[in-house]
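What follows is a set of notes on a single structure, which appears directly below.
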There are 2 protein chains.
Amino acid sequence: MARMNPDDRREAIIEATLEVVRRRGIGGTTVRDVAAELGTSSGLIHHYYASMDELLAQAFARVAGDDLDAVVAAVRAEVTPLDQLRAVLDAYSRSEDPDGMQVWLDAWSEAARRPELQQRSRELNEQWQQLLSTLLRTGVESGQFVVTDVDAAAWRILAILDGLLLQVVAHADVITRAQADQWAREAVEREVGISAGSLTQSEGRMSPSSNA
Amino acid sequence: MARMNPDDRREAIIEATLEVVRRRGIGGTTVRDVAAELGTSSGLIHHYYASMDELLAQAFARVAGDDLDAVVAAVRAEVTPLDQLRAVLDAYSRSEDPDGMQVWLDAWSEAARRPELQQRSRELNEQWQQLLSTLLRTGVESGQFVVTDVDAAAWRILAILDGLLLQVVAHADVITRAQADQWAREAVEREVGISAGSLTQSEGRMSPSSNA
DNA sequence: ACGCCTATTGCGCATTCGTCCAATAAGGCT
DNA sequence: AGCCTTATTGGACGAATGCGCAATAGGCGT
């Protein structure tokens, strides 16, 4: 393999790792698989990542961090809390392919056995929690939302979204994604005390990138 | 180890497997671990279960079925829909040790790659869904619950409970179990249109006038 | 009491894993 | 050109895995 800039190499390794993880799952990913996917040797992987645990944690942090960044950007692009909340749900519902969501399930499952993964997962969860909490708080302060306990509401919304993701990934053909998405929206509407349908997708307002 | 009736031995192996799975997770369970837990040899395990996959699948089917049976029994023991709903939440919140819940996460994660697990997981999910749906329907018919879409409500409740389970298992020290449990109860109360506190687990049926 | 069936043992085999390391090659610098 | 840093290789190593198998022992029918 051609010599490469260290930063680019690290990046390439992460991408190759994610490709394998999507196919085999976190628990089924080996160093040799990643090396083969990249077309290099296994030793090179360890030259850049001290342990397999660290590599998997960084790969997960990468894909999860991208998701979070996308949502943060989508929220920042809106002004009213209602539009921001809708942006969060839109981003969540159209977030990548089903294989990408499988990574989350794997991460939660493997967190108990991989310390670094658990640490990353926890950090990201807290950031989601904070994003939603501040969003709800501004909505309450401006009088658009009616929420008695902001933290509790933020947590419940996260639980609903995680539950949606779980059902769609694990039991794909029992529940359609669109249906789950709609039901999640109704739950959130009730949670923040706005009228039904307020959060329905793209109501007179189209998101800039419509393709997936 | 003393010679044992084949049926009893198979049962003992399943129980030992579950004990190990609760501690190490599905992916981290080995034949030797099960044998050690049982106090026998690894060869014995293979004498009764042809492969490790078969053993794990049967063990999961067993524990998941037990959980469901326990909830069904708890529901049957109550008469009013409100008490039944409370029974479901009680059973869910006190279902075994936190380590036992790790099994569900593992199962969901591996479902995508192991057809037997996915099939079993799907069946159980549908049974939970049906249990909740009929429970809610009778509550609506008797006028105690106010629910516009029973199926949607049942699904949302399941999503909340799964989300609760997920957070507690994956991020144990970020959120306390009691707190998550309380928040889930509040969500369910809102979902079925009953006053706050109605589902608080307490032996004495308090009048639904207490606040949070 | 004897013999047969099989539950049970304990080790070995082949494989695969993460990790490590000495050797090699590539490319920038003087 | 020569050198020197380091990206890259490819295999070795030890541990751990699922599984197979020959040997052992416990107990029931006769």
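Here is the naming used below: chain letters follow the sequence lines, and residue numbers restart at 1 for every chain. Atom set for the values below is all heavy atoms of this structure, side chains included, hydrogens, waters and symmetry mates excluded. Since this is a predicted model, take the numbers as computed values, not measurements.
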For R32(B) and for H47(A), locate the closest nucleotide of DNA chain D by heavy-atom distance; then report the residue assigned to the nucleotide nearer the 5' terminus.
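The residue whose closest nucleotide sits nearer the 5' end is H47(A).
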Reading DNA chain D from 5' onward, which residue's closest nucleotide shows up sooner: R3(B) or D53(B)?
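Taking each residue's closest nucleotide, the earlier one in sequence belongs to D53(B).
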Can you name the nearest heavy-atom pair linking A154(A) to L136(A), along with the distance?
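Closest approach of A154(A) to L136(A), heavy atoms only: N-CD1, 3.8 Å.
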Within this structure, what is the [atom1]-to-[atom2] distance between [X] and [N], rounded to whole angstrom?
| X | N | atom1 | atom2 | answer |
| --- | --- | --- | --- | --- |
| H46(A) | dA22(C) | NE2 | P | 17 Å |
| M52(B) | dT16(C) | CE | C1' | 16 Å |
| D33(A) | dC17(C) | CG | C1' | 11 Å |
| R9(A) | dG27(C) | CZ | P | 12 Å |
| L44(A) | dA26(C) | CG | P | 14 Å |

In residues 35-43 of chain A, which residues come under 4.0 Å of DNA chain D by heavy atom?
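Those residues whose heavy atoms fall under 4.0 Å from DNA chain D, taken from residues 35-43 of chain A in numerical order, are T40(A), S41(A), S42(A), G43(A).
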Can you find a pair of side-chain heavy atoms, one from R156(B) and one from I160(A), that are under 4.5 Å apart?
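R156(B) vs I160(A): side chains touch.
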How many angstroms lie between CG in L89(B) and CD1 in I157(B), if you round to the nearest 0.5 Å?
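Nearest 0.5 Å value for the CG-CD1 distance: 7.5 Å.
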First-last contacting nucleotides on DNA chain D - partner chain B, under 4.0 angstrom, heavy atom
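Nucleotide range in contact with chain B: dT17(D) to dG27(D).
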Taking the side chain from D106(B) and the backbone from I26(B), do they hold a donor-acceptor pair closer than 3.5 Å?
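The answer is yes, because a donor-acceptor pair under 3.5 Å joins these two groups.
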Counting only N and O atoms by type, is there a donor-acceptor contact under 3.5 Å from the side chain of Q58(B) to the main-chain atoms of I14(B)?
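Between the backbone of I14(B) and the side chain of Q58(B) there is no qualifying donor-acceptor contact (under 3.5 Å).
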Stepwise side-chain hydrogen bond (donor to acceptor under 3.5 Å, both in side chains) check, E186(B) with Q182(B)
CA-CA 6 Å; E186(B) 293 170 9; Q182(B) 172 63 21; 3.1 Å; yes
If you measure from the Lys or Arg side-chain nitrogens to the Asp or Glu carboxylate oxygens, is any gap between E11(A) and R62(A) under 4.0 Å?
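R62(A) and E11(A): salt-bridged.
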Which of parallel (below 30°), tilted (30 to 60°) and perpendicular (above 60°) describes F60(A) and W104(A)?
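Perpendicular.
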